[in-house]
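Notes follow the structure.
Since this is a predicted model, take the numbers as computed values, not measurements. Convention: sequence-line order gives letters A, B, ...; per-chain numbering from 1.
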Number of protein chains: 2
Amino acid sequence: MDSSIIDYISQFVKLTDDEAEILSSQNLFRQYEKNEILLAEGKYAKVCYFIIKGCVRSYYIKDGEERNTDFFFENQTIRPVSYQTKQPSEYYLSCLEECIVAIGDEARNRKLVEQIPKLFSLVAKMNEELLLQKQLELDHFKNNNPEERYLNLLENKPEFLDRIPLYHLASYLGITQVSLSRIRSRILNR
Amino acid sequence: MDSSIIDYISQFVKLTDDEAEILSSQNLFRQYEKNEILLAEGKYAKVCYFIIKGCVRSYYIKDGEERNTDFFFENQTIRPVSYQTKQPSEYYLSCLEECIVAIGDEARNRKLVEQIPKLFSLVAKMNEELLLQKQLELDHFKNNNPEERYLNLLENKPEFLDRIPLYHLASYLGITQVSLSRIRSRILNR
DNA sequence: TTAAAAGATTATCAAAAGCTAATAAGCAAC
DNA sequence: GTTGCTTATTAGCTTTTGATAATCTTTTAA
């Protein structure tokens, strides 16, 4: 049994042995191939994900082109917008690498929170933190040009550069692949 | 007594008369002049705000220039990043107009949630919703050019155009004032 | 090992944004 | 009114990005 989830949650709240047992017995693991789709546009997200291993890419289609919005790695939770809104998803979730993922559907999640009430405030805390990060990310994006944003990525998320192809990073940075390539060469020749 | 807060909360959860009474008796109102600073960079945010009347601008300084991050109007809650993180604020909050604001410090807020427990899940719900909005806002910002972003503002937040000077909107749109002016004339002559 | 596919860079040209400065319009105070 | 201050537009020039196409490199699979 993989203990990633228990380890992850234990960073934030103390779990009793019973609670840890509940968690580890409840979780459902699945393996996905590279490029396999977890969630497609138009579908309803019935589940949340916790990545044990691998990398998941979130994107949507604008003018026929994929626009990447997020990349998720090990020990990250994916709670699709569609899971929250109960509306058809506007986003795709697709595996950038072969992935091992823990999956929780709504009934399972609700039952878990009933059995371990402290999970409720943990989720609230995590959402607060996520909200904060999104705010900072948006502010940064608005007030820095593409070159600054690329340098910021190099500095703060080097794993993105290691594991994600540049042509995917380009739309994540809000620019074209060609422009990103020019920025990189501009930085090199300086 | 102003009933904005009660009315606002009642949209989301049913309040008993007792609970409404607790809320309306607890709240502290303050009036601020135009251009008065609610929170300055480097200060600790000890309180949250709920705007009864007026408009508050959030900004920070980059390269000596003000960069606007948000504008808050009537019936909006401001929960400063610094209030959440307990770190000195990187943002300013300043009144764009004369304002009437309800203020709640941490002790008061905590006590309120104790007396009216359903407020806890309300706040959690609101944070979820805010997170969703920020995600959409960020995605939109990344994948639309300045002209599209301006048109989107016209379409979806016309009150911004009515109540906020263009030179403040420019940095909110991630461009210069001059560029915004060009975009506007480009749209007109078409 | 070789061919095909995927990923990255370079070149050219047009469109848009930044920078700076000048000008114009709107509005409040005297 | 007219003076000053704030807000908005316009102009000239430079830099950057977008669009498209061609080329080069790396990875994958036969």
Item to check | Chi angles and distances behind the salt bridge (Lys or Arg N to Asp or Glu O under 4.0 Å) call for A:Arg79, B:Glu128 | outcome: CA-CA 11 Å; A:Arg79 186 168 177 274; B:Glu128 267 186 23; 3.1 Å; yes

Next on the checklist: In the structure I gave you, are the side-chain heavy atoms of A:Phe71 and A:Leu169 within less than 4.5 Å of one another anywhere?
Outcome noted: yes

Checklist entry - If you measure only the distance, is there a donor-acceptor pair under 3.5 Å linking the side chains of A:Tyr91 and A:Asp70? => result no

Item to check | A:Ser171 and A:Asn68 side chains, donor-acceptor separation under 3.5 Å | outcome: yes

Checklist entry - Looking just at side-chain N and O atoms, do A:Tyr83 and A:Asn109 make a donor-acceptor pair shorter than 3.5 Å? => result yes

Item to check | Donor + acceptor pair across side chains of B:Gln11, B:Asp7 (<3.5 Å) | outcome: no

Item to check | Axis-to-axis angle between the two ends of the helix from C:dT1-D:dA30 to C:dC30-D:dG1 (five base pairs per end, rounded to 10 degrees) | outcome: 40°

Item to check | Test item: side-chain donor near acceptor, B:Lys157 and B:Asn152, under 3.5 Å | outcome: no

Checklist entry - Roughly how many Å is it from CG in A:Leu169 to C1' in C:dA6, rounded to a whole number? => result 15 Å

Item to check | Distance in angstrom units between B:Asn143 CG and D:dT17 P, rounded | outcome: 16 Å

Item to check | Euclidean distance, atom CD of residue A:Gln177 to atom C1' of D:dA22 [Å, nearest integer] | outcome: 14 Å

Checklist outcome for this item: Counting primed atoms, P, OP1 and OP2 as sugar-phosphate and everything else as base, the B/S/- map of nucleotides 25-30 of chain D against protein heavy atoms under 4.0 Å is ------

Item to check | side-chain N/O B:Arg184 vs D:dA8 OP1/OP2, d < 4.0 Å | outcome: no

Next on the checklist: Output the rounded distance in Å from CD1 (A:Ile164) to C1' (C:dA6).
Outcome noted: 17 Å

Checklist entry - Are the ring centres of A:Phe50 and A:Tyr8 closer than 6.0 Å? => result yes

Next on the checklist: I'd like to know whether CG of A:Asp162 has more than 12 heavy-atom contacts from other residues, nucleotides or ligands below 6.0 angstrom.
Outcome noted: yes

Checklist entry - Is it the case that B:Glu137 and B:Gln133 place a side-chain donor and acceptor less than 3.5 Å from each other? => result no

Checklist entry - Under 4.0 Å: is that the gap between some side-chain N or O of B:Tyr167 and OP1 or OP2 of D:dT7? => result yes

Item to check | Footprint string (nucleotides 14-30 of chain C, 5' to 3'): B base within contact, S backbone only, - free, heavy atoms under 4.0 Å | outcome: --SBBBBB---------

Next on the checklist: Is it the case that atom NZ in A:Lys43 sees more than 12 heavy atoms from other parts of the structure closer than 6.0 Å?
Outcome noted: no

Checklist outcome for this item: In whole angstroms, the gap separating P of D:dT9 from CD1 of B:Ile187 amounts to 11 Å

